[in-house]
2 protein chains.
Amino acid sequence: MNLPAYRQIKDFIQRHISAGHWREGDRVPSEHALTREFGVSRMTVNRALRELTAEHVLTRVKGAGTYVARPRYESTLVEIKSIAAEIAGRGHEHASDVLALDRCQVHPALAVELGLRRGAQAFHSLLLHREKGMPIQVEDRWVNPAIAPEYDLQDFRRITPNEYLMRVAPLQKVEYRIEAQVPNAITRRRLAMAAGEPCLLLHRRTWSQGRVASVVDLWHPGQRYQFTGHF
Amino acid sequence: MNLPAYRQIKDFIQRHISAGHWREGDRVPSEHALTREFGVSRMTVNRALRELTAEHVLTRVKGAGTYVARPRYESTLVEIKSIAAEIAGRGHEHASDVLALDRCQVHPALAVELGLRRGAQAFHSLLLHREKGMPIQVEDRWVNPAIAPEYDLQDFRRITPNEYLMRVAPLQKVEYRIEAQVPNAITRRRLAMAAGEPCLLLHRRTWSQGRVASVVDLWHPGQRYQFTGHF
DNA sequence: GGAAGAAACTTGTATATACAAGTCCGTTTG
DNA sequence: CAAACGGACTTGTATATACAAGTTTCTTCC
């Protein structure tokens with residue numbers, strides 16, 4: 001199968017870098033030089049170089065040239081999917097127990113985090129997610145009623161809070177934190193964890209329409225759950 | 001400051017989506033329509049739409065049109081920097097104690113993971129990273145000697161293993177796993193951790209030049225360390 | 001030998017035009 | 001009514017050309 005020219009140019013450059021011919025900081029051939037070498041237009045070469053720049057393979061300095069970027073060796077990008085998507089991706093059965101779903105007053109620290117005034121109310125949902133019957137995640141979530149006023153009318157056994165929020169509140173910004181923590185006794189029991197076993201906790205705060213939409217703690221049993229991936 | 005035309009088109013589309021005017025699955029105006037609306041060439045419009053597609057904001061179907069992409073609400077992308085880069089980014093002082101650096105025989109399970117034959121030898125380094133004197137990470141690393149034959153001749157008090165491997169072994173592939181684990185007593189003491197406190201563990205395996213280059217376990221005290229970020 | 005200026009080289013953005021290839025819709029035919 | 005075909009519309013890739021703006025190199029002058 002014949003690749004488009006701009007893809008061939010990208011591959012050519014990436015092969016040189018992977019083979020160690022060009023190292024970090026080395027200058028790659030100019031657009032003009034690549035134009036001559038590949039017999040294509042400058043716009044075709046430019047597209048290849050711009051895409052490799054967006055992918056952090058190259059870096060460009062106007063007037064000076066195009067260089068091999070500092071490899072992002074020290075940065076690992078980890079993608080964490082929603083628990084339902086992850087379980088479905090394994091071909092397993094996902095189910096949710098709705099332990100709580102109501103609207104109540106938030107304590108001051110949480111009001112700050114949700115961007116609400118003291119004494120304000122928010123929706124609170126507490127779910128236990130299972131994979132093939134086995135508890136795998138406790139989802140402890142608070143939702144800004146201004147963003148999703150009908151949150152508490154949903155059936156979260158049939159649709160996850162994530163899926164619902166995706167529909168009503170386009171995502172603008174995310175803040176996250178991953179921690180190893182010792183869970184309280186209730187969470188330990190809900191997740192069927194052993195004594196002394198820690199939790200893997202993902203804390204997320206999301207924004208939509210210029211405001212905080214949701215704050216969530218996702219607790220996972222440390223022995224049975226890890227975030228994994230590759231790229 | 002006047003933005004280039006392709007950036008204005010990107011912003012226009014992103015504003016419509018953020019405001020909720022266009023939802024997931026909605027079709028956005030065609031290239032031809034945007035050409036007329038903005039009074040620019042089709043290639044300029046095409047660039048804007050292609051870049052938004054690469055950024056997962058839009059999705060394109062040849063012949064059919066351009067649509068608002070399913071929001072990646074359920075996927076959190078987490079970037080984990082090297083400990084030295086992270087500490088430097090906080091403006092703090094990084095230091096490493098080299099606890100071990102030698103070449104020895106790997107046990108069978110590790111040989112499999114390193115892609116080496118049974119009984120083969122590999123380099124092993126054990127470092128304690130400190131931030132302003134405080135232990136923050138134990139780095140337990142095995143390195144394939146075929147990839148970095150002079151690994152054991154380096155001074156890892158002055159350069160981190162990461163930085164060294166960046167130079168000699170261009171990165172091709174990464175596999176990772178994040179876990180909450182209970183550390184053994186030695187690691188607990190090295191990291192000055194409390195009894196019962198768990199570790200946040202990042203396990204990475206990297207490839208270079210078509211082979212496994214390195215396998216590393218990075219242990220962090222759960223109470224003092226989290227992976228954090230935003231986007 | 002150093003400074004200043006000009007020339008050359010480089011990337012950034014843009015255009016009108018063209019052909020390829022895919023999808024969708026409306027019309028015609030059986 | 002269904003299938004097939006053609007036209008219109010859409011994205012995918014590409015070109016030669018142009019001007020703007022930044023960097024580097026070379027030449028000239030003091």
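Letters A, B, ... are given to chains in the order of the sequence lines, protein chains preceding strands, and every chain is numbered from 1.
The closest side-chain donor-acceptor pair between B:His124 and B:Asp140 falls under 3.5 angstrom.
The 12-atom threshold is exceeded at CZ of A:Arg103, counting heavy atoms of other residues, nucleotides or ligands nearer than 6.0 Å. Atom CZ of A:Arg157 is surrounded by 12 or fewer heavy atoms from other residues, nucleotides or ligands within 6.0 Å. Shown here is B:Arg117, whose CZ atom has no more than 12 heavy atoms of other residues, nucleotides or ligands within 6.0 Å.
End-to-end axis angle of the helix from C:dG1-D:dC30 to C:dG30-D:dC1, from C1' rotation axes over five pairs per end: 10° (rounded to 10 degrees).
Here A:Arg42 lies in heavy-atom contact (under 4.0 Å) with a base.
For DNA chain D, no neighbouring residue in residues 23-34 of chain A is found when judged by any heavy atom under 4.0 Å.
Proximity of A:Met134 to A:His92: side-chain heavy atoms (C-beta onward) are nowhere separated by under 4.5 Å.
Distance check: A:Tyr225 OH to A:Ile83 CD1 gives 4.0 Å after rounding to the nearest 0.5 Å. Between the CD1 atom in A:Ile13 and the OG1 atom in A:Thr66 there is a gap of 8.0 Å [rounded to 0.5 Å].
Under the 3.5 Å distance criterion, the side-chain polar atoms of A:His220 are matched with a main-chain donor or acceptor of A:Leu200.
Both B:Gly63 and B:Thr44 lie close to DNA chain C; mapped to their nearest nucleotides by heavy-atom distance, the more 5′-ward contact belongs to B:Thr44. For the pair A:Tyr67 and A:Val40, nearest-nucleotide mapping onto DNA chain D gives the more 5' position to A:Val40.
In this structure, A:Tyr6 has its ring center no closer than 6.0 Å to that of A:Phe38.
Boundaries of the chain B contact region on DNA chain D are D:dT10 to D:dA14, first to last in 5' to 3' order (nucleotide atom under 4.0 Å from a heavy atom).
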Go through the steps to decide whether B:Arg50 and A:Glu51 satisfy the test side chain to side chain contact (heavy atoms under 4.5 Å, CB included), and finish with yes or no. CA-CA 10 Å; B:Arg50 268 197 292 103; A:Glu51 287 190 6; 3.6 Å; yes
